[in-house]
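Down below is the structure, laid out as structure tokens.
Letters A, B, ... are given to chains in the order of the sequence lines, protein chains preceding strands, and every chain is numbered from 1. The figures here come from the full heavy-atom set of this structure, side chains too, leaving out hydrogens, waters and symmetry mates.
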Amino acid sequence: MTPYDHKKIEEKWKSHWTEDNIYEAVDFSDKPKKYILAELPYPSGSALHIGHVMRYTLPDVYSRYLRMNGYNVMFPMGWDSFGLPGEHFAIQEGKHPSKLIDETVEYYRESVQRMGYGVDWNREIKTTDPKYYKWTQWLFLKLFKEGLAEYRKMPVWWCDELKSVLADEEVVNTKDGIKVSEKGNYPVERKMFSQWVLKIPQYAEKLIQGLNEVDFPDSIRNAQINWIGKSEGVAIKFKSDDIDFEVFTTRPDTLYGITFMAFAPEHPLIIKFLEKTENKDEVKKYIQKTMNKSDLERQTLKEKTGVELKGIEVEVPLTGKKVPVFIADYVIMDYGTGILMGVPAHDTRDFEFADKFDLEVIKVIEPAIKQDMPFVDEGTVINSGDYNGMNSKDFAKKITEDLEKQGLGKPDVQYNIRDWVFSRQRYWGEPIPLVHLEDGSIKPICDPDNPKEVETYLPLNLPVLEDYTPTEDGSSPLERDQSWINTKIDGKEAKRETSTMPTWAGSCWYYIRYIDAKNDKEFADFEKLKYWLPVDKYFGGAEHTTMHLLYSRFWHKFLYDQKLVPTPEPYQWRLNGGLMLGVDGKKMSKSRGNVVEPMEVVDEYGADALRMTVLFLGPYEDVYPWNPRSITALSKLISTVYSLKDKISEAPATPEAQKVFHKMLKNVTGMIKNLKMNTCVSEFMIFLNSIKSEKEINKDMYLNFIKVLAPFAPFMCEEVWQELNEFKNWDKENSVHIQEWPKFNEKLTKDDVIILPIQVNGKVRSEIEIKADESEEKVKEMVLSDEKIQKYLDGKNPKQVIYVKNRIINIVT
RNA sequence: GCCGUGGUGGUGGAAUGGUAUACACGGAGGUCUCAAAAACCUCUGGGCAAUUAGCCUGUGUGGGUUCGACUCCCACCCACGGCACCA
């Protein structure tokens, strides 16, 4: 008996598989295609970490299963190597990112191979490779050409700790309502900057509608819809003497309840009102005070503040009522028109404001059941002229029509989603391929639709800067390289844009590049895209739900409109993976000392054992603490299977062994399809528990088991497969991983004798042994004559007897 | 507050409306051993009872549908995740 030497065996097969690229995905193969994708890692450590192992193992098992079932499977891998994580790692290590990243990628590739992931290495991509980011820049130029990229001076989130601006999505709320950076939880503040934005709101509707075409879990669908934040309502025209403006509302049915109007302090129309108002100084003072408030103050502010524009009135359309005008800090400038109609009776915030300023409250909707004000649900319309008595929902439609007829309003839709801040004043990113001319105009460095220009001017290489660290004032480190900045376009002096793109840029389209990774004429061949798209199954992290997953859908929809991709959605199906916590049940971190290094685990127990361990934990999407006992159990399982090869014989399997095998095969075949890998592992254990003490094990059965186990424990299974088949030299055609998945025999999965539980009034009281598929009559007869059951019947006839074939019988008395 | 997901032994978790707790971890006892580890075997939801049986109870709480409910319906409680002065 040879003990299982995981180190030697895993190293051997890793080399063979990689050298022969046995997991190659073939373009235009006759086999049906499956594109299985897992989010690409950003290399920012010494190797893959345990989170990656959690994310990649199940998709790998699944794609191996598909490959063995006759599919042309693509399971690619690449490196999201631009961006803050890599740059931070470089600063920390004191090395230049351009050097460090390549070393890091080597380690990552090595650890992916050590885990046994079945990747097609011909399709490997790296977002920092100029051959790759040439096309990232090209895509940006396409967006720019279509008016979806814009340079704008605007308030953006600035994080002093990270020395970087952040997109809305990269800023999160703490429990106390304070805004911090998503990466690292550092405080952020609003600052005015000139930034590049991508107009994702233009695709808001398409991004919502597209969710109906794909198979995403409700949690993800819901989170994206929530983030986009669609509200349907009416834009209503208001008037104050000669000043006209529009207000967005979702509740036109409360029009008769308006008792004031409120403007955001930043609103540009206020200047016009200032000339007329009686308390000009007071108003100016209020605005100044509000604007000077730090974001922190405004965020945590409990009480609403405001000031009345004395002497100014606004006329409410249809009703003709005149109402006072306020400036209030609870009105947000960038939502709707930055103005709201105050209906205190039916809006909690307006109610609070009216209460503080002692304003009139007019109830215009009567709830079915008496309730305190403010009442925000539907009810019966009152105090609204001719409309009284209607249901408020119907009234909303009616008044919208009436407003529209009189030219006083029209249906309108508003979205919460904001323009995506796309530039970063950091070194480690794709340079934005634009130049600024002396007259202030901005030009692309080439026309993306002119192949010759594209060939000449792209990629715009990132210059190698000795000092790449971020600047104190938030300007780009690229400004240190004057020779790079100063350039000429059409003979005119120009300065290059010095901002770079955010981490997200490269990952917006990487799944497209895998399809045609080496194309240097275009970003990808359309025919190949037609074959491979959409991604059939996409695995990733929940943290990307409103970032990468939304951003890449946005780019894809744009590309679809440009007829550059054949499908309206990139990903047909999506599942978010869970997390591995430390032994203590807390988030892994170096300071807590609870980090599990997967490569150390592989050294000690082998990759197969680690793979099985993370699969056995439970469902893919859940969060688990690391259990060091579990790895020993699964490592034992691997050794057990390996040692069983010494027991194989040509003698036919016993009927019992056959039954256990085919049951296991049937169950696993069904479960793996549904990605229930944890119960697959249980099935393996049940099978092994039942046969491991046999003196002899039938060779065919054992080899079929090895095939089924191969996606889970690829190294050990390859070793056993090669040995028992007596393949002397390695030939990729003989790999266990491209063998056909064994078929189970339905007949052999069925028991001949069944222990049938007997219930009396729904409670199990006894059981009898019956032949499988015994007639109902016979079963009933046997059951009713059962001694124990007779006791429960007490001489009476049962009212009803329900027999579920081969499963259960219930006697109702 | 709104939206979503979930709540099963000491722990991770299994269960097309059909014997709840498969499989594993942990625990208890045993075999082997001078001893320990490893390995193997038995037991392991709670309670009553106990040679054997047997009985009661039990999937967050309270109702309902059903011969039968972890599963379906209604109400509530709790945990986690997303959004949030979004008009």
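Centroid-to-centroid, the aromatic rings of F661(A) and F744(A) stay 6.0 Å apart or farther.
The side chain of S682(A) sits closest to A22(B) out of A22(B), C85(B), C3(B). Listed nucleotides A24(B), U19(B), C85(B) differ in distance to F616(A); the shortest reach to its side chain belongs to A24(B). Checking A84(B), G4(B), G82(B) against the side-chain heavy atoms of N173(A) singles out A84(B) as nearest. Minimum atom distance to the side chain of R807(A) is reached by U19(B), of the listed C67(B), U19(B), A24(B). Distance from the side chain of I686(A) is smallest to A22(B) among A22(B), C67(B), U19(B).
A84(B) makes up no base pair with any nucleotide shown, lacking Watson-Crick or G-U wobble contacts both under 3.5 Å. The nucleotide A14(B) finds no pairing partner, because no Watson-Crick or G-U wobble arrangement with both distances shorter than 3.5 Å includes it. In this entry G6(B) has C78(B) as its Watson-Crick or G-U wobble partner, both defining distances falling under 3.5 Å. Under the Watson-Crick or G-U wobble criterion, with both distances below 3.5 Å, C40(B) is paired with G30(B). In a base pair of the Watson-Crick type (N1 to N3 plus N6-O4 or O6-N4) or a G-U wobble (N1-O2 and O6-N3), with each distance short of 3.5 Å, U65(B) is matched with no nucleotide.
One finds no side-chain N or O of N226(A) lying less than 4.0 angstrom from the OP1 or OP2 phosphate oxygen of G81(B). For A87(B), the OP1/OP2 oxygens have a side-chain nitrogen or oxygen of S231(A) closer than 4.0 Å. Phosphate proximity of U57(B) to K763(A): present, with a side-chain N or O under 4.0 Å from OP1 or OP2. Listed pair R765(A) / C55(B) meets the phosphate criterion, a side-chain N or O lying under 4.0 Å from OP1 or OP2. At least one side-chain nitrogen or oxygen of N678(A) sits closer than 4.0 Å to the OP1 or OP2 atom of A14(B). For the OP1/OP2 pair of G12(B) and a distance below 4.0 Å, the side-chain nitrogens and oxygens of Y624(A) include no atom meeting the criterion. R629(A) has a side-chain polar atom (N or O) that falls below the 4.0 Å cut-off from OP1 or OP2 of G26(B). The phosphate of A14(B) has neither OP1 nor OP2 within less than 4.0 Å of any side-chain N or O from K676(A).
When heavy atoms are screened at a 4.0 angstrom cut-off, K788(A) is found touching the sugar-phosphate backbone but no base atom. Heavy atoms of I802(A) sit under 4.0 angstrom from at least one base atom. Within 4.0 Å (heavy atoms only), P619(A) reaches sugar-phosphate atoms of the nucleic acid but no base atom. Heavy atoms of N416(A) sit under 4.0 angstrom from at least one base atom. Q800(A) comes within 4.0 angstrom of sugar-phosphate atoms only, judged by non-hydrogen atoms across all strands, and of no base. Using a 4.0 Å heavy-atom criterion, one finds that K230(A) contacts no nucleic acid atom at all. Counting any heavy atom pair closer than 4.0 Å across all strands shown, I339(A) reaches a base atom. Among the atoms of the strands shown, only primed sugar atoms or phosphate atoms (P, OP1, OP2) are found under 4.0 Å from some heavy atom of T250(A). Nucleic acid contact class of V764(A) (heavy atoms, under 4.0 Å, all strands): sugar-phosphate only. Residue-level contact check: I332(A) touches the bases, meaning some heavy atom is under 4.0 Å from a base atom. D350(A) comes within 4.0 angstrom of nothing in the nucleic acid, heavy atoms only.
Nucleotides G18(B) and U31(B) are separated by 41 Å at their C1' atoms, to the nearest Å. The separation of C25(B) from U19(B), taken at their P atoms, amounts to 26 Å, rounded to a whole angstrom.
Under the 3.5 Å distance criterion, the side-chain polar atoms of K659(A) are matched with a main-chain donor or acceptor of K750(A). Between the side chain of Q759(A) and the backbone N or O of R765(A) there is no donor-acceptor pair closer than 3.5 Å. A donor-acceptor pair under 3.5 Å is absent between the side-chain atoms of S630(A) and the main chain of W626(A), judged by distance alone. Between the side chain of D347(A) and the backbone N or O of D350(A), at least one donor-acceptor pair lies under 3.5 Å.
Applying the 90° cutoff around 0 to the glycosidic angle, G9(B) is assigned syn.
Nearest-nucleotide positions on RNA chain B for T546(A) and V623(A) put V623(A) closer to the 5' end. Comparing V812(A) and D622(A) by the nucleotide of RNA chain B that holds the closest heavy atom to each, the one mapping nearer the 5' end is D622(A).
With a 6.0 Å cutoff to the six-membered ring centre and a 45° limit on the axis angle, K304(A) counts as a cation-pi contact of Y330(A).
Among Y286(A), F238(A), F245(A), F326(A), the single residue meeting the ring pair (Phe, Tyr, Trp, His ring centres under 6.0 Å) criterion with F263(A) is F245(A).
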